[in-house]
Amino acid sequence: MAKEYNFQEIEKKWHEQWTKWHTYEVGEDASRPKYYVLNMFPYPSGAGLHVGHPLGYIASDIYARYKRLTGFNVLNPMGYDSYGLPAEQYAIQTGQHPEKTTYANIDRYREQLDKIGFCFDWSREVRTCDPGYYKWTQWAFAKMFNSFFCKDCQKAKPIETLIKYLEENGTLGLNAAQGKELNFTAEEWKAMSEQEKSQTLMNYRIAFLGETMVNWCPKLGTVLANDEVIDGVSERGGYPVEQKKMRQWCLRVSAYAQRLLDGLQTIDWSDSIKETQKNWIGRSEGAEVQIKVDGSDADFTIFTTRADTMFGVTFFVLAPESELVAKLTTEEQKAAVDEYLTYVKSRTERERMIDHTVTGVFSGSYGINPITGDKCPIYIAEYVLSGYGTGAIMAVPAHDSRDYAFARHFDLPIIPLVEGADVSEESYDAKEGTVMNSPMEGKSSYKGFTLNGLSVKEAIEATKKFVSENGLGRVKVNFRLRDAIFSRQRYWGEPFPVYYKQGIPCMIPEECLPLELPQVENFLPTESGEPPLGNAQIWAWDETNRKIVDKALIDEKTIFPIELFTMPGFAGSSAYYLRYMDPANDNALVSENNSAYWQNVDLYVGGSEHATGHLIYSRFWNKFLFDLGISKKEEPFQKLINQGMIQGRSNFVYRVKDTNTFVSLGLKGQYETTPIHVDVNIVKNDVLDVDAFKAWRPEYETAEFILEDGKYICGWAVEKMSKSMFNVVNPDMIVEKYGADTLRLYEMFLGPVEQSKPWDTNGIDGCHRFLKKFWALYWDKDGQLAANDSEPTAENLKSLHKLIKKVTADIEVFSYNTSIPAFMVATTELGQQKCTSRAILEPLAVLIAPFCPHIAEELWEALGNTTSVCDAQWPELNEEFLVEDKVKMPIQFNGKVRFTMEFPADATKESMIEAAMNAPEAAKFLKGMQVVKQIVVPGRIINLVVKPE
RNA sequence: GCCCAGAUGGUGGAAUUGGUAGACACGAGGGACUUAAAAUCCCUUGACCAUUGCGGUCGUACGGGUUCGAGUCCCGUUCCGGGCACCA
């Protein structure tokens, strides 16, 4: 009897063995180079894992195992992002306390993950909702509160430095990232009350309390960050989101905009993710120009990236929310403007985004173009956004499509500035062409300034230079990236380590952290925005005794209220990779030693949906910690791989209308039918298990079928994998039926890791069959180990080294799917060669170890090894075995292959050409022809170009 | 509208980066073994023509170009996916 491949027994055995041996626990080992592999840690949602979730984990697991085999000390940790909206929504939907559901879900995840045989170092597990973990989230927040961003040195500095500066100079010469431009002297600063000082410093702190327009989602009962809102509705749940002015904690992410942009050039991420981040950061370089208001001493500032078009300005526009509106509206226009503002307020963000009808109103005032001296009307219109630039623009209808639409609607003049541009139907927005009308013939300009004859790009530069040199304005860089709103009106999140002393926010001392989340009876969010933490009774800060006390004791002298907001989901996930380096350290986020050893993540694997959320916040957070010297690398994730989604492959049955009869796919054209989703688990290779279908739901018990060839064939479609489509495939089932090694192999075989693809169980048998064949190489027909000490043949060595070469190269570039065919070919070859040499079979087991660790361990042990295959050495490639003594080369005539010939490997070009021309097959192609060109690519091809004599 | 990525059999996908397109697998069809089934093994499988036998032509979304030679490089077009978007 041949030895059976009993995967269930093998996998169980090795899971136990690995635990016993602590195989996957790593320490800081200065004698070996480090390699840090990281997966985006999961939200432990209630649904458990489906086959799509482990895709990235498997890919990174293979890489981590490979790196270990090649001599690296590999850190490959795992944990849970267990705070935040998804965990809480699930708890609310199931009516349970989030703590309970979260821990239950974590256990379920762990159980599922363990079955797949990952090399995670579970001794380093982190959970964001664990006080020992969020202590450091709170700590980092406090550090941000106590820092400001110095623009001269482009880094965060202690707030004390700023205070000292203000005491000496006021805001004179201050170059710090700020909310709005403040101007005061040292004396004025000193004269401020504590409250005023606190208020003022908020303008500079990196974590600050701001009164800002926020995305308020009444249904979720919380504010949301910009990346959590998609097309005007919430990402979670798709509920409407409205704009509301609220007092919120914010992070001054915008201060780091330039560094976030520059850093992209130093990291190894896909172009599309980098591009997404670039768009999100949205750097645009332009000019700010001062505009004086006619007949008044008021002025305002506009921002433009098209400074070259200043000669074509025919009006100005203010955002309706701009503070200038009140200032510049004249008496006569007041009624009209008020009416317009009322209209604008009535519109939701979503309406404004979808509906681009031209609306606006004249303010009554005129602005003076500083270059031409022309007076142009100032309008108020909702197409100008208050949050970007200065909230005011100069309108150049000839060269901006939005201004053009506005000018047409309000019948304002349009002055073309580019030669040959036809602006009779639409604006000419391209930054190409030669500038004219600047100034127009017969008109003068400030200091005789002219752009005529320059290219548009030259004109932009020339104008920026002229404007800043003449004090009309300045060159300015604007970013689209906004500060992150950092508080949530929810229960399930990190509490802020903040208490309010007569309204002044103060940090709870570092030594007192963590500030633990209190237990509350009612944790449900409210539509009005009252935070659930308001329900906590023991939630006041005793400043003298430095502890939490009953809020009934609040006296505003020594006992103060604590912040009721909690932090958003991205708080805990922003620096978790640092915590894995030193997860149990109670004295520091990460020790100096461990941070210096592990540095940053070498390989990060996760979904691309985090491009504008987690991956921006995390980079920001890390840069801040880098400024503090905690993190040793400016970029946290050196290489990023975005695994694709695994879509579901849904199956359908076709019910004949108004009956309980179902017709097979091929015959459905003859009836009027309704397609109905059917559980993919009762369909195999698109053939329905009819009995299982009848048992599936009571209403199908009496179902009848119209079969084709005795089978019921189902239709299919690729859709998102979800419960409602009945196309969810659970990895546990695959593991049970085929084993974890088959699952791992198959997930990789499905296609390139980075691509989205449907889960199609049809192919899994092939992978399983391969493992059986692979297994069979090691055993003789009596079930005894086949490997012996016989010398490998040249053929054996060639098959092995071909495989080493291919697999090594593939793993380096994450092209696992292309390695698997190579394994299959090698297995077939070695099988045919009846190879029993240990010198081949041992390295072969190591080669498959990253992909299929269980079978590799079992075979490794069978070969007589007493340690884990994880500690083996990756086989070294010896190119000598691949050298062919003969080469087969196709012979082409005029680029078309006509026949092939074999040559000795060291044959000269001349001899090969001669042999080819003398070959009998060549005769008919050479008859009456002469060879005009001979091309020889050694090992590849011989091409003879011939033409009639 | 702007930016990014992509398009190869019935399907997933290969192709040493300019050198025999379709590896490998799935699916499908045929056969062997078997009382039967499962399992296993063998053959065929891009299209068209030829077929007792070698074989021929076309073919990598479409149209051009460069080249002895293009799935691969260049220009244009179409389609699908992703990101940003009254961002001045």
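Remember, predicted model here, so these are calculated numbers, not experimental data. To find a chain, count down the sequence lines: A is the first, B the second, and so on, and within it residues start at 1.
Regarding Phe479(A), its CZ atom lies at a distance of 13 Å from the P atom of A88(B), rounded to whole Å. The nearest whole Å value for the distance from the CZ atom in Arg769(A) to the P atom in A38(B) is 13 Å. Here G19(B) presents its C1' atom at 14 Å from NZ of Lys909(A), a figure rounded to the nearest Å. Atom CD in Glu902(A) sits about 17 Å away from atom P in U20(B), given to the nearest Å. Atom C1' of nucleotide C54(B) and atom CZ of Phe899(A) are separated by 16 Å, given to the nearest angstrom. In this structure, the CD1 atom of Ile942(A) is 21 Å from the P atom of G18(B), given to the nearest Å.
G69(B): no Watson-Crick or G-U partner with both key distances under 3.5 Å is found in any strand. Base pairing of C41(B) is made with G31(B), judged by Watson-Crick or G-U wobble geometry with both donor-acceptor distances under 3.5 Å. Pairing for A15(B) is absent, judged as Watson-Crick or G-U wobble with the two contacts each under 3.5 Å. Across all strands shown, nothing is found opposite A85(B) as a Watson-Crick or G-U wobble partner with both distances under 3.5 Å. Base-pair partner of U60(B): not found among the strands shown (Watson-Crick or G-U wobble, both distances under 3.5 Å). In this structure, C54(B) forms no base pair with any nucleotide, since neither Watson-Crick nor G-U wobble geometry is met with both distances under 3.5 Å.
Side chain to side chain, Ser284(A) and Tyr388(A) meet the donor-acceptor criterion of an N or O pair below 3.5 Å. Defined by atom type and a distance below 3.5 Å, a donor-acceptor pair is present between the side-chain atoms of His768(A) and Thr742(A). Side-chain polar atoms of Ser363(A) and Tyr379(A) form no donor-acceptor pair below 3.5 angstrom.
Set against C86(B), C24(B), A88(B), the side chain of Pro821(A) has C24(B) as its closest nucleotide. Residue Pro890(A) has its side chain nearest to U20(B) when only U20(B), G83(B), U17(B) are considered. Checking A88(B), C84(B), U17(B) against the side-chain heavy atoms of Trp280(A) singles out C84(B) as nearest. Closest to the side chain of Ile393(A), out of G19(B), G83(B), A88(B), is A88(B). Between A88(B), C86(B), A14(B), one nucleotide has an atom nearer to the side chain of Thr305(A) than all others, and that is A88(B). The side chain of Thr304(A) lies closest to A88(B), out of A88(B), U17(B), G13(B). Taking the side chain of Ile941(A) as heavy atoms from C-beta on, and the options C84(B), U20(B), C41(B), the nearest nucleotide is U20(B). The listed nucleotides are U16(B), C86(B), U20(B); the one nearest the side chain of Thr900(A) is U20(B). In the set A25(B), G13(B), U17(B), the nucleotide with an atom closest to the side chain of Phe749(A) is A25(B). For Met824(A), the side-chain atoms get nearest to A25(B) when compared with the rest of G19(B), A88(B), A25(B).
Residues Gly312(A) and Pro397(A) share a closest heavy-atom pair of O-CD, 4.0 Å.
To the nearest whole angstrom, the two C1' atoms, one in G81(B) and one in C75(B), are 24 Å apart. On the P atoms, C58(B) is 15 Å away from G64(B), given to the nearest whole Å. As rounded to the nearest Å, G22(B) and G12(B) have C1' atoms that lie 13 Å from one another. One C1' atom belongs to G9(B), the other to A5(B), and the distance between them is 24 Å to the nearest Å. When the C1' atom is compared between G59(B) and G71(B), the two are found 11 Å apart, to the nearest whole Å. The separation of U60(B) from A70(B), taken at their P atoms, amounts to 11 Å, rounded to a whole angstrom. Distance noted for atom C1' between G31(B) and G10(B): 23 Å (whole Å). Between the P atoms of C26(B) and A36(B), the separation comes to 26 Å (whole Å).
Residue Ile935(A) is in base contact, counting any heavy-atom pair closer than 4.0 Å across all strands shown. Among the atoms of the strands shown, base atoms are found under 4.0 Å from some heavy atom of Val384(A). Gln892(A) comes within 4.0 angstrom of a nucleotide base, judged by non-hydrogen atoms across all strands. Contact annotation for Arg482(A): base contact, defined as any heavy-atom pair under 4.0 Å involving a base atom. At the heavy-atom level, Phe893(A) lies nowhere under 4.0 Å from the strands shown. Across all strands shown, Ser819(A) has no heavy atoms under 4.0 Å from either base or sugar-phosphate atoms. Across all strands shown, Asp355(A) has heavy atoms under 4.0 Å from base atoms, whether or not it also approaches the sugar-phosphate.
Side-chain nitrogen and oxygen atoms of Tyr388(A) include at least one within less than 4.0 Å of the OP1 or OP2 phosphate oxygen of A88(B). Between Asn817(A) and the phosphate of A14(B), there is a side-chain N or O to OP1/OP2 separation shorter than 4.0 Å. One finds a side-chain N or O of Ser284(A) lying less than 4.0 angstrom from the OP1 or OP2 phosphate oxygen of A88(B). Considering only side-chain N and O atoms, Arg480(A) lies nowhere under 4.0 angstrom from the phosphate OP1 or OP2 of C84(B). Distances shorter than 4.0 Å separate none of the side-chain N or O atoms of Gln755(A) from OP1 or OP2 on A5(B). Proximity of Arg898(A) to the phosphate of G55(B): no side-chain N or O atom is located under 4.0 Å from OP1 or OP2.
We find that Glu382(A) and Arg347(A) are joined by a salt bridge, their nearest charged nitrogen and carboxylate oxygen being less than 4.0 Å apart.
Residue order along RNA chain B, read from the 5' end via each residue's closest nucleotide, puts Cys767(A) first among Gly895(A) and Cys767(A). The residue among Ser272(A) and Ile764(A) whose nearest nucleotide of RNA chain B is located toward the 5' end is Ser272(A).
Ring to ring, Trp759(A) and Tyr746(A) are close: their centroids are under 6.0 angstrom apart.
No N or O donor and acceptor, one from the side chain of Glu275(A) and one from the base of G82(B), sit under 3.5 Å apart.
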Exercise. Step by step, work out the salt bridge (charged side-chain N to carboxylate O under 4.0 Å, His left out) result for Asp810(A) and Lys806(A).
Key: CA-CA 6 Å; Asp810(A) 282 350; Lys806(A) 176 76 176 147; 3.5 Å; yes

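Asn642(A) contributes a side-chain N or O that, together with a main-chain N or O of Gly606(A), makes up a donor-acceptor pair within less than 3.5 Å.
When each of Phe303(A), Phe316(A), Phe315(A), Tyr383(A) is tested with Ile393(A) by the rule side chain to side chain contact (heavy atoms under 4.5 Å, CB included), just one qualifies, namely Tyr383(A).
Side-chain contact check for Met824(A) versus Thr827(A): every heavy-atom pair is 4.5 Å or farther apart.
U57(B) adopts an anti glycosidic conformation, its chi angle falling more than 90° from 0. Base orientation of G9(B): syn, the glycosidic angle falling within 90° of 0.
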